[in-house]
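In the text below, chain A, chain B and the rest are named by the order of the sequence lines, each starting its count at 1.
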Protein chains: 2
Amino acid sequence: MSTARHRILDALEQVLIADGPALATIEHVAATAGVSKGGLLYHFGSKEALYEGLLARLTDAAEQVRVGTDARAAVGEYLRQSTVADDAYSITMLAALRLVGAPEVDVPAALANASDQWFAPVGALIADPVTARLVQLVGDGLYLNALVAGSASEHDPAVVDRLLGSLEQEPAGDRREP
Amino acid sequence: MSTARHRILDALEQVLIADGPALATIEHVAATAGVSKGGLLYHFGSKEALYEGLLARLTDAAEQVRVGTDARAAVGEYLRQSTVADDAYSITMLAALRLVGAPEVDVPAALANASDQWFAPVGALIADPVTARLVQLVGDGLYLNALVAGSASEHDPAVVDRLLGSLEQEPAGDRREP
DNA sequence: GTCTATAATCGGATAGAC
DNA sequence: GTCTATCCGATTATAGAC
């Protein structure tokens with residue numbers, strides 16, 4: 001667990017988001033991380049290995065997601081997260097999104113895995129499947145906005161409230177005992 | 001309006017979606033279009049010009065969008081379109097999305113322009129601004145799914161119906177005269 | 001573990017023939 | 001309007017010193 005690997009992956013994320021995938025070259029990432037080309041290649045033997053390192057970081061982060069038992073809290077947190085805050089997970093996710101289409105790695109698979117991992121426990125708390133899908137799609141929409149803008153999207157409490165309101169309609173199993 | 005320009009832009013879209021931005025090189029696009037490198041460079045003097053040609057095509061297509069006066073029909077069509085069918089506009093949009101982060105052109109600006117152009121008339125038909133924002137975000141979410149998958153996302157009628165149902169709540173101004 | 005060469009390849013762009 | 005030939009710069013990856 002050398003910190004150099006971390007610093008290099010941090011640099012890769014930064015370059016992907018700020019400069020774009022075309023400039024996510026070994027040389028540029030190495031310079032951003034403060035190491036030489038050869039130094040980077042000691043830790044990641046190839047560009048493919050470097051990119052896989054980022055996807056592995058995404059997978060690891062997604063596996064550590066913990067969700068409570070309250071549907072309202074979970075949905076609120078899910079959508080807040082989807083506006084792409086400055087936390088490590090959001091940055092990794094945004095960087096991975098910028099890697100979509102890269103021939104070296106299977107980004108769609110990693111992204112689908114992470115996305116499901118993160119949404120599945122939230123969706124399980126929502127009784128109505130249509131509402132669940134709606135919440136997921138709104139989260140995806142927020143991510144698209146962040147991806148295109150290269151930074152956090154607007155946090156819109158009214159939209160969150162509306163979706164939270166939908167939860168009240170069919171609270172199958174989450175109601176207080178009468 | 002030589003057809004060569006069209007064929008080259010078609011090839012660029014195909015390469016971006018099927019092979020990714022990294023392989024959207026002048027040489028590869030030229031080969032896909034069935035012309036030589038020099039042949040392509042006659043029509044588009046540089047890679048930047050080539051990319052701008054795609055964004056111009058997107059802008060042109062967005063400007064020709066016509067929306068009726070019925071909110072339900074407009075929202076339904078907007079969301080159906082967002083599942084990225086096989087029509088020319090969807091393909092251009094998807095290709096442009098794959099260009100996000102390219103240093104040669106300002107994709108976010110072109111995308112924001114096209115997106116607004118397409119959504120603005122739909123949003124104008126929706127009385128409640130929160131519902132309007134919800135529809136737009138769901139559309140964006142569908143586009144993100146298509147972008148990552150590289151193909152059309154699932155058309156989910158239940159989600160569309162739910163959003164159409166929201167329109168009934170506050171039909172301020174669209175009601176029949178009493 | 002990290003660095004400085006260096007080799008080999010590829011991409012963008014120009015010049016000029018047809 | 002389209003092609004081939006060519007130059008130049010950038011990028012990946014290797015070899016080997018420190």
Side-chain angles (χ1 to χ4, degrees), chain A residues 1-57 95-96 98-107 110, chain B residues 1-57 95-96 98-107 110:
Chain A
M1 326 327 178
S2 57
T3 72
R5 274 186 72 100
H6 265 91
R7 287 214 330 279
I8 290 168
L9 288 179
D10 288 346
L12 172 60
E13 292 176 352
Q14 183 190 325
V15 168
L16 278 172
I17 294 173
D19 306 328
L23 273 62
T25 161
I26 291 183
E27 195 165 0
H28 191 198
V29 171
T32 304
V35 297
S36 71
K37 212 188 296 196
L40 187 151
L41 283 167
Y42 170 79
H43 295 282
F44 300 95
S46 68
K47 202 177 179 183
E48 178 178 341
L50 175 63
Y51 287 175
E52 275 173 357
L54 178 67
L55 297 187
R57 172 183 272 196
R98 289 242 160 162
L99 226 47
V100 168
E104 294 89 354
V105 285
D106 189 357
V107 186
Chain B
M1 317 311 187
S2 58
T3 72
R5 275 186 71 101
H6 265 91
R7 288 213 328 282
I8 291 168
L9 288 179
D10 288 346
L12 172 60
E13 292 176 353
Q14 183 191 325
V15 167
L16 278 172
I17 294 172
D19 306 326
L23 272 62
T25 158
I26 290 183
E27 198 165 359
H28 189 199
V29 171
T32 303
V35 297
S36 70
K37 213 190 293 199
L40 187 150
L41 283 167
Y42 170 79
H43 295 283
F44 300 94
S46 67
K47 200 178 182 184
E48 177 179 342
L50 175 62
Y51 287 175
E52 275 173 358
L54 178 68
L55 298 187
R57 172 183 273 198
R98 288 240 162 163
L99 226 49
V100 168
E104 293 89 356
V105 285
D106 189 356
V107 186

| query | Is any side-chain nitrogen or oxygen of A:S46 closer than 4.0 Å to OP1 or OP2 of D:dT12? | reply | no
| According to a strict under-4.0 Å criterion, is A:Y42 in side-chain N/O contact with OP1 or OP2 of C:dG1? | yes
| request: Ignoring backbone atoms, establish whether A:H43 has a side-chain N or O less than 4.0 Å from OP1 or OP2 of C:dT2. | output: yes
| Who pairs with A:E104 by side chain to side chain contact (heavy atoms under 4.5 Å, CB included), at least two apart in sequence or on another chain? | A:K47, A:E48, A:Y51, A:A102
| message | Between C:dG12 and B:K37, counting only base atoms on the nucleotide and side-chain atoms on the residue, is there a donor-acceptor pair under 3.5 Å? | response | yes
| message | In whole Å, I'd like the distance from the CZ atom of A:R5 to the C1' atom of C:dT2. | response | 16 Å
| query | Could you state the interatomic distance from CZ (A:R5) to CG (A:L50), rounded to the nearest 0.5 Å? | reply | 9.5 Å
| Can you find a side chain N or O atom of A:T25 that sits less than 4.0 Å from OP1 or OP2 on D:dT12? | yes
| field | Spacing of A:L40 atom CG relative to C:dT2 atom C1', expressed in whole Å | value | 11 Å
| remark: Rounded to whole Å, the CD1-C1' distance (A:I8 to C:dC3) equals 13 Å
| query | Could you give the CZ-to-C1' distance, from A:F44 to C:dG1, as a whole number of Å? | reply | 14 Å
| field | pair A:D19-B:P103: side-chain heavy atoms closer than 4.5 Å | value | no
| note | Looking only at C:dA13, D:dT12, D:dC3, the nucleotide nearest the B:K47 side chain is C:dA13
| Interatomic distance, B:H28 NE2 vs C:dG11 P [rounded to whole Å] | 10 Å
| field | Proximal nucleotide (of D:dT11, C:dA13, D:dA13) relative to the A:L41 side chain | value | D:dA13
| said: Counting C-beta onward and ignoring hydrogens, is there a side-chain heavy-atom pair between B:V35 and B:H43 closer than 4.5 Å? | reply: no
| Spacing between A:E27 atom CD and D:dG9 atom P, to the nearest angstrom | 15 Å
| task | Give one of base, sugar-phosphate or nothing for B:I26, where a contact means two heavy atoms less than 4.0 Å apart. | result | sugar-phosphate
| query | For B:L12, which of B:L99, B:L40, B:L54 qualifies under side chain to side chain contact (heavy atoms under 4.5 Å, CB included)? | reply | B:L54
| task | Have a look at A:S36 and say if it touches a base, only the backbone sugar-phosphate, or nothing, with a 4.0 Å heavy-atom cut-off. | result | base
